[in-house]
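Report on one structure; see the data block that follows.
By convention in this document, chain letters (A, B, ...) are assigned in the order of the sequence lines, proteins followed by strands, and residues within each chain are numbered from 1.
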Amino acid sequence: MPEPRNILVAVAWPYASGPRHLGHLGGAYLPADIFARYHRLAGDNVLMVSGSDVHGTPITVRAEQEGVSPQEIVDRYHAEFLDAWDKVGIAWDLYTSTGTENHHEVTQDVFSRLAEGGYIEARSSDQLYDPEAERFLPDRYVEGTCPHCEYDAARGDQCDNCGRQLDPVDLIDPRSRLTGATPEMRPTEHYFLLLSKFQDRLLEWLRTRQGWRKHVQNMAIGFTEGGLQDRAITRDLDWGVAIPSPYDTIGDGKRIYVWFDAVIGYLSASVEWAKNSGDPDAWKAWWQDPDAESYYFIGKDNVVFHAVIWPCQLMGYGGLNLPTDVPANQYITFKGDKASASRGVGRSIGWYADRLEPDELRYAIAAILPEQNDTDLSDDQMIARINEELVATWGNLVNRVLSITAKNFDSAVPEPGPLSDSDRQVIAETDETLDEVAAAIQRVELRAGLRRAMDGAQSVNAYLNAEEPWKVLKVDRERGGTVLWTALQAISGLRVAFTPYLPFTSDHLGEILGLEPVSSWGRPELPGGAPLGGVQPLFTKLEPDALDE
RNA sequence: GGCGGCGUAGCUCAGUCGGUAAGAGCGCUCGACUCAUAAUCGAGAGGUCGGCAGUUCAAGUCUGCCCGCCGCUACCA
């Protein structure tokens, strides 16, 4: 057995400003879960963390629109996310939020350390100020008429009508979203992260990464080559992590802004997990041991934050591991449109989880993970994949073997006679399948891994068609029983290969076969004579209208 | 506008360093089987690899231009 590896599975922090949809599930949460489940079975020490991102202006804007506190918005969606992870089986070691005291402390520590290292400094700039509310306004708090399309409710950062990036000073007839007052420019002081100081080191690091997805590496290198600009990390807000002493002297009503603290969540969540585990230093095995590995599962819109800015923060802090890989996914689109909860494209994870068995949902998404390209998905395609691949190939294989065995051998594993070459070959192929699925998952080629497992199931179906045990049993009971014994061994192996993808039915199948939950990456042998549970389908075939509301 | 990614069979996608005759799954057609959730297995049809031009003995792969989609463009994260 190889030495266990310490593997940090860091998953994008969902923004608690609205429901998350299948694009998020396929972009980050499901691939991370598959990857983490595999490594746990392979005996590695996995720490998989994430949490709800509770800061940022979309949350405060929404709260003001609804007339509630930001915390109420956050609590609502945090609870929804927890429910979704439970239903879909996303098995976190810790799912927390950026609203914890621990997160604030860790963020402040990172801030202070970077400031001590000379990587953060205060600068003054002119910002829009609301004279009635007596506060500075983030871009999103300013609205007005878009200079491009004349849409009259364009936000200061972007026009929702024509989609263009805006600068709030370009807005025609700008007004404060708080009071309607006309904003004026006033000087204000903020802290800047001096990204420019990391430019050369970062570029050298990015250029030497091995095995990264091409689009991720190129995007990060291209962005960095364009010149890293120092970037403000505080805002005139009262919702966010407080600026730590002695740096809290640049004026009232300022907080550390969300993009700086959100990525720190990976570290703070690891620290929180360690505290909970009873060993407050336990997180160091994933962050300070140079042999530890870290994989960041995110969508492609987040590449710059995870492959450029977060590594800079880590370099500046010192002594912490940089990402081993950032296997960012592209997008799942729905009939060509990017999924977007705010635009009503693509329904929430919970909506699907209420209508599909969790493993059916997991299969439908895992089979089309957008690892290289944007991938289009529709409800009809999901149903077709579930029925025609998952149910027909894997579900039916299990069902047909268990059915014949139950009828002919009184629901027990048959005692095998001498094995033929074809018997040995099917079992050997199953073991190869396990190896190849493992290799694919380690390369974070999760679609390919699932495909390989399905190929394994097809091989066993072909073996059964060739051996025809239902005929053989009528003339040679021992030989027929040997074929079924062989098929059961193969199913036992394939079950393990499918476990990272289909954990619920893996457990169910284990109960039927009289096996413990899968705990290692290898094929458990089913001894002749072992009792089998009742025959029941692993999956239910879906009606064509199963997702029609 | 600038930077990056992508465009391959009806659908969803693989194609490494340029190299037999372009691949998979699903769908479709035909055949076999009838243990199994009308499931399974086998065979087959189906592609001017977005377009044009170029480099090369050889281009899906390299170069240029064009068309289309997506992301980033530093106050969404």
Side-chain angles (χ1 to χ4, degrees), chain A residues 12-15 17 53 55-58 61 127-128 137-142 155-158 165-168 190 195 213-223 225-232 235-236 257-260 262-263 298-306 308-309 328 330-331 333 336 338 342 367-378 380-381 384-385 387-389 391-393 395-408 445 447-448 451 454-455 457-458 460-466 468-471 473 480 484 487 535-541:
Chain A
W13 288 55
Y15 209 30
S17 62
D53 181 353
H55 298 132
T57 45
V61 168
Q127 297 285 322
L128 290 166
L137 297 171
D139 287 0
R140 285 205 165 201
Y141 274 72
V142 181
R155 297 191 313 244
D157 60 336
Q158 186 179 38
Q165 299 281 325
L166 301 177
D167 192 300
H190 278 295
L195 292 169
R213 292 180 185 173
K214 193 169 54 172
H215 71 268
V216 175
Q217 198 164 14
N218 284 346
M219 200 181 299
I221 289 173
F223 187 92
E225 282 177 338
L228 293 183
Q229 294 175 27
D230 302 334
R231 186 163 166 151
R235 294 287 187 278
D236 292 290
Y257 195 53
V258 59
W259 70 256
F260 183 82
V263 284
I298 60 168
K300 64 174 164 180
D301 53 338
N302 243 326
V303 167
V304 167
F305 279 86
H306 290 78
V308 176
I309 296 177
Q330 310 256 0
Y331 285 145
T333 59
K338 178 189 168 186
S342 61
I368 57 98
L369 291 176
E371 293 175 337
Q372 300 297 337
N373 294 321
D374 286 354
T375 299
D376 203 60
L377 181 65
S378 68
D380 289 347
Q381 284 175 33
R385 276 189 191 282
N387 286 346
E388 290 153 13
E389 298 176 21
V391 179
T393 302
N396 183 56
L397 169 63
V398 171
N399 194 238
R400 69 193 296 208
V401 170
L402 289 175
S403 292
I404 319 176
T405 307
K407 272 182 214 165
N408 293 282
E445 293 174 8
R447 273 173 75 140
R451 183 67 244 155
M454 288 298 283
D455 289 344
Q458 286 186 326
V460 182
N461 273 321
Y463 163 81
L464 288 172
N465 281 35
E468 300 183 308
W470 52 90
K471 278 187 186 170
L473 279 169
L484 293 176
V535 179
Q536 42 182 305
L538 290 183
F539 308 100
T540 310
K541 206 165 181 180

Looking only at the side chain of [X] (C-beta and beyond, no hydrogens), which of the listed nucleotides [options] gets closest?
| X | options | result |
| --- | --- | --- |
| A/R400 | B/A77, B/U40, B/A74 | B/U40 |
| A/Y15 | B/U40, B/C76, B/C72 | B/C76 |
| A/I368 | B/U12, B/A39, B/A77 | B/U12 |
| A/R140 | B/A77, B/A74, B/C76 | B/C76 |
| A/V391 | B/C11, B/U34, B/U37 | B/U37 |
| A/I404 | B/C35, B/U12, B/C76 | B/C35 |
| A/F539 | B/G25, B/U37, B/C13 | B/U37 |
| A/W470 | B/A36, B/C35, B/G25 | B/C35 |
| A/K471 | B/C13, B/C33, B/G71 | B/C33 |

Measure [atom1]/[X] against [atom2]/[N] and give the value in whole Å, please.
| X | N | atom1 | atom2 | result |
| --- | --- | --- | --- | --- |
| A/M454 | B/U12 | CE | C1' | 15 Å |
| A/L228 | B/C72 | CG | C1' | 14 Å |
| A/D380 | B/C26 | CG | C1' | 14 Å |
| A/L402 | B/U40 | CG | C1' | 16 Å |
| A/R447 | B/G15 | CZ | P | 10 Å |
| A/E445 | B/A24 | CD | P | 19 Å |

Provide the distance between the two [atom1] atoms, one in [N] and one in [M], to the nearest whole Å.
| N | M | atom1 | result |
| --- | --- | --- | --- |
| B/A59 | B/U20 | C1' | 15 Å |
| B/A24 | B/A9 | C1' | 11 Å |
| B/C6 | B/G50 | P | 12 Å |
| B/C62 | B/G4 | P | 14 Å |
| B/A14 | B/C41 | P | 24 Å |
| B/G60 | B/G23 | C1' | 12 Å |
| B/G44 | B/U8 | P | 25 Å |
| B/C57 | B/G18 | C1' | 12 Å |

Between N or O atoms, less than 3.5 Å apart, protein on one side and nucleotides 16-18 of chain B on the other: list the pairs.
none

Would you say [N] has OP1 or OP2 under 4.0 Å from some side-chain N or O of [X]?
| X | N | value |
| --- | --- | --- |
| A/K541 | B/A38 | no |
| A/T375 | B/U12 | no |
| A/Y257 | B/A77 | yes |

Original post:
For RNA chain B, which consecutive runs of 3 or more Watson-Crick or G-U pairs (each distance under 3.5 Å) count as stems?
Top reply: B:1-7 with B:67-73, B:10-13 with B:23-26, B:28-32 with B:40-44, B:50-54 with B:62-66

Original post:
Nearest heavy-atom pair of A/L484 and A/L473: which atoms, and what distance?
Top reply: CD1-CD1, 4.2 Å

Subject >> A/R140 versus A/T57, closest heavy-atom pair with distance >> reply: CD-OG1, 3.4 Å

**OP:** First locate atom CD of A/Q458, then atom CG of A/N465, and finally report the distance between them rounded to the nearest 0.5 Å.
**Re:** 11.5 Å

Scan [X] against the nucleic acid and name what it touches under 4.0 Å (heavy atoms): base, sugar-phosphate only, or nothing.
| X | value |
| --- | --- |
| A/L538 | base |
| A/I221 | nothing |
| A/E388 | sugar-phosphate |
| A/G480 | nothing |
| A/D167 | nothing |

Original post:
For A/E468 and A/R231, take the nucleotide of RNA chain B holding the closest heavy atom to each; which residue's nucleotide lies nearer the 5' end?
Top reply: A/E468

Original post:
Between A/G56 and A/A392, who's closer to the 5' end of RNA chain B by nearest nucleotide?
Top reply: A/A392

Original post:
Donor-acceptor pair, A/D53 side chain versus A/H55 backbone, under 3.5 Å?
Top reply: yes

Subject >> B/S/- contact track for nucleotides 3-9 of chain B, protein heavy atom under 4.0 Å >> reply: -SSS---

